[in-house]
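Working notes, structure below.
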Amino acid sequence: MHIQEFQKMMCKLYFHRDTARGVTGTYDWLVDEVRELGEALESNDKVAQEKEFADVVAWLASLANITNINLEKAALGKYDNKCPKCRRSPCECAF
Ligand SMILES: [Zn+2]
């Protein structure tokens, strides 16, 4: 499954609810899920980490749907097999 297909699946499942919640409310959920991912990373619980990664991707797709952003186009447009800053692969930017 490609990013675009995942985004379309999330649209089919949740667009009506995401639209009703709105951009700010959906963004707030995404932030909560990122916070939960941070907590899972500290736990070393791989099952919990996997679940939180899934939630972050799902809420990111929801937010992209209601803001009419094509995640795959945006991601691959910016990260097209090279670092967008140094234009190298792998990245050679200084830390
Ligand atoms: Zn770089």
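Each ligand, and each atom within it, is numbered from 1 in the order the structure gives. Note that the structure is a prediction, hence the values are computed from the model and not measured. Note that the numbering runs from 1 along the sequence shown for the chain.
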Result block: side-chain N/O donor-acceptor pairs under 3.5 angstrom for residues 77-84, not counting sequence neighbours:
none

Checklist entry - Who pairs with Glu50 by side-chain contact (heavy atoms from CB on, under 4.5 Å), at least two apart in sequence or on another chain? => result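 Checked Glu50 against side-chain contact (heavy atoms from CB on, under 4.5 Å); zero matches.
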Checklist entry - Checking side-chain contact (heavy atoms from CB on, under 4.5 Å) for the pair Trp29/Val34: CA distance, chi angles, key distance, verdict? => result CA-CA 9 Å; Trp29 268 101; Val34 171; over 6 Å; no
Next on the checklist: Using a strict cut-off of 2.8 Å, how many protein N/O/S atoms surround the Zn ion (ligand 1)?
Outcome noted: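 Counting protein N, O and S atoms closer than 2.8 Å to the Zn ion (ligand 1) gives 4.
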Next on the checklist: Checking the side chain of Asn65 only, and the main-chain atoms of Gln7 only, is there a donor and an acceptor separated by less than 3.5 Å?
Outcome noted: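 Yes: the side chain of Asn65 pairs with the backbone of Gln7.
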Next on the checklist: Treating Glu33 as the side-chain partner and Val56 as the backbone partner, does any N or O pair qualify as donor plus acceptor under 3.5 Å?
Outcome noted: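 Looks like no, no N/O pair under 3.5 Å.
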Next on the checklist: Under 4.5 Å side-chain heavy-atom separation, chaining through any Ile, Leu, Val, Met, Phe, Trp or Tyr, what else clusters with Val57? Say none if it is isolated.
Outcome noted: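 Besides Val57, the hydrophobic cluster comprises Met1, Phe6, Met9, Met10, Leu13, Tyr14, listed by chain and residue number.
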